[in-house]
There are 2 protein chains.
Amino acid sequence: MRLSRVSYQNMSESGSRKRSTYHVGNLAPLLLEEARNLLVEVGPAKLSVRAVSDRVGVSSTAAYHHFANKNALLCHLAAAGFRELHQALRHRPTTTDPQQALRNGCLAYFDFAHRNPQLYQLMFGPEFNTETMIPEYVNARDGAFGELKRIISEVLNLPVDSAKVFSSALASWSFTHGLADLTIHGVLDYPADNLERLMDKAMRGFEYLFERHL
Amino acid sequence: MRLSRVSYQNMSESGSRKRSTYHVGNLAPLLLEEARNLLVEVGPAKLSVRAVSDRVGVSSTAAYHHFANKNALLCHLAAAGFRELHQALRHRPTTTDPQQALRNGCLAYFDFAHRNPQLYQLMFGPEFNTETMIPEYVNARDGAFGELKRIISEVLNLPVDSAKVFSSALASWSFTHGLADLTIHGVLDYPADNLERLMDKAMRGFEYLFERHL
DNA sequence: ACCTGAACACCGTTCAAGT
DNA sequence: ACCTGAACACCGTTCAAGT
């Protein structure tokens, strides 16, 4: 009954370059870089460490000398995403009008998510449960949230540590993340060229909702 | 170089019951049911059609006579989730106070997400891109969104088809989905026993944000 | 019509061995 | 110290064959 099988390493057309060189060195950043490239090509669900290693030109087992496992690699990738998001929030246009300041912050977040949809999905991916998270991921994420709180602190003109700022930052983050996630998942057939319009539309929704309650 | 390998069907301790019976019949619902069970056990990322089939006591290839592929199975599971969410929204407590009506709707949604975190993550999972969606999934999802619009229509006392209702439903959905997603991902170390408090806190955040702008 | 085992092309991960 | 191939235990999916 037992059959002999051909090895799956049978040099098929794609990938698996001869690997003439042995020592590459500085592998971790190369792995991360290629993982990022592959991520935008195939999406977060189909990203594999074998494919990433292959593209770097290194055996797939080499990756395990730099990352504990696939999840750790993904965590570092996601952490880099949160750091970029942090930067994107920092570079939002400034304004003195509080309403405009809020809008600018939300738009900076929203634009980042839509410029990097696969990365954004990875950052909030289902593989990251509370147990498997590494400090790098948590720190980067909390750093971005810190910037969010700073924005709201300006909008409300209150100290960043205040309870009101926390509640409002939570509300804003929930809303903006939710809208980004829903649109990335295609629940709305919105015009891709006009994300600002969609954001404004949703923000006006809150005004309708709250103007009769306050 | 070629080595003969033992078959991976080598009757290891777990699963792979002898399969004495041949014809099971009515397989699709059984598959879906066991998929749901496995989903809450292992989470959306590790759900496999082989494991599901195994638990039903059927060969893994049998599943492909009822679902085009793994994605179709997942779509049906997610669609069932949206139908349950729809029901959960329908059974929210009724009230005449608009602000309470909004709160009740959001809470019903939020509670569903937290009672079914793995299912909720699957419903908005990265594997569902616009191309691979089946009508069943889209219809169920739009059905739930329809109920959301109905709630907002009551809150604003405006017709469901109005632009204001659409904007406000979008705002509410974004916010509630965002808060559910963030908490399920563990970004907040909130007290698990007090979801209502968290929701109220976030909603008060909007009041702080909007009371200076209206 | 419905289900099966065998096979193929992938995965993540470990480990003894090579440089 | 860093990288390798071989191996193991999984995957999704197809297909000719069985009932």
Side-chain angles (χ1 to χ4, degrees), chain A residues 1-31 35 38 42-75 77 127 132, chain B residues 1-31 35 38 42-75 77 127 132:
Chain A
M1 286 305 149
R2 308 249 151 118
L3 301 167
S4 78
R5 300 178 51 205
V6 289
S7 164
Y8 46 67
Q9 292 282 67
N10 57 356
M11 223 40 69
S12 58
E13 35 80 35
S14 90
S16 240
R17 304 277 153 270
K18 297 105 206 220
R19 246 196 307 278
S20 44
T21 50
Y22 164 77
H23 176 207
V24 192
N26 197 36
L27 199 49
L30 287 173
L31 251 9
L38 203 55
V42 304
K46 291 188 192 157
L47 192 63
S48 79
V49 344
R50 281 179 115 117
V52 170
S53 313
D54 224 55
R55 278 169 69 128
V56 171
V58 102
S59 88
S60 65
T61 56
Y64 289 85
H65 291 276
H66 302 271
F67 301 98
N69 47 38
K70 182 186 180 179
N71 206 271
L73 208 209
L74 260 31
C75 275
L77 204 54
E127 46 274 281
T132 62
Chain B
M1 286 303 150
R2 308 252 152 114
L3 300 168
S4 79
R5 301 178 51 203
V6 289
S7 165
Y8 44 68
Q9 292 280 65
N10 58 354
M11 222 41 70
S12 60
E13 35 81 35
S14 90
S16 239
R17 303 277 154 269
K18 298 106 208 221
R19 245 197 307 280
S20 45
T21 49
Y22 164 78
H23 177 209
V24 193
N26 197 36
L27 198 49
L30 287 174
L31 251 10
L38 203 56
V42 304
K46 290 188 192 158
L47 192 63
S48 79
V49 346
R50 281 178 115 115
V52 171
S53 312
D54 224 54
R55 277 168 70 129
V56 171
V58 101
S59 88
S60 65
T61 55
Y64 289 86
H65 291 275
H66 302 272
F67 301 98
N69 48 37
K70 183 186 181 181
N71 206 271
L73 209 208
L74 259 33
C75 274
L77 205 55
E127 46 274 280
T132 63

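So you know, we letter chains A, B, ... as the sequences are listed, proteins then strands, and number each from 1. Just so it is clear, the structure is predicted and the values come from calculations on it, not from any experiment.
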Between atom CG in B:Leu38 and atom P in D:dC10, what is the gap in whole Å? 14 Å
With the side chain of B:Ser59 defined as its heavy atoms from C-beta on, choose the nearest nucleotide among C:dC11, D:dT13, C:dT4. C:dT4
Tell me the interatomic distance from A:Glu127, atom CD, to C:dC11, atom P, rounded to whole angstroms. 16 Å
Toward the 5' end of DNA chain C, which comes first, B:His65 or A:Asn71, by nearest nucleotide? B:His65
Length of the NZ-P vector between B:Lys46 and C:dG12, whole Å: 13 Å
Do the side chains of A:Glu127 and A:Thr132 get nearer than 4.5 Å, heavy atoms only? no
Measure the distance from CG on B:Leu73 to P on D:dT13 and round it to the nearest whole Å. 10 Å
Just how far is it from atom OG of B:Ser59 to atom CZ of B:Arg50, taken to the nearest 0.5 Å? 9.5 Å
Between C:dA9 atom P and A:Asp54 atom CG, what is the distance in whole Å? 15 Å
Reckon A:Thr61 touches a base, only the sugar-phosphate, or nothing at all at heavy-atom distances under 4.0 Å? base
Identity of whatever pairs with D:dA16 - Watson-Crick or G-U, under 3.5 angstrom: C:dT4
Taken to the nearest 0.5 Å, the spacing of A:Asn69 CG from A:Cys75 SG works out to 8.5 Å
For D:dC11, does either OP1 or OP2 sit under 4.0 Å from a side-chain N or O belonging to B:Ser48? yes
D:dA9: pairing nucleotide in any strand, Watson-Crick or G-U under 3.5 angstrom: none
B:Lys70 NZ to C:dC10 P, in whole Å, measures 17 Å
Atom-to-atom span, CG of B:Leu27 to P of C:dA1 - whole angstrom: 17 Å
Within the structure, does a side-chain N or O atom of A:His66 lie under 4.0 Å from either OP1 or OP2 of D:dC3? yes
Nucleotide D:dC11, atom P - distance to OH of B:Tyr64 in whole Å: 11 Å
A:Ser48 to A:Leu38 - nearest heavy-atom pair and separation: O-CD2, 4.4 Å
Rounded to the nearest 0.5 Å, what separation is found between the CG atom of A:Leu31 and the NE2 atom of A:His65? 11.5 Å
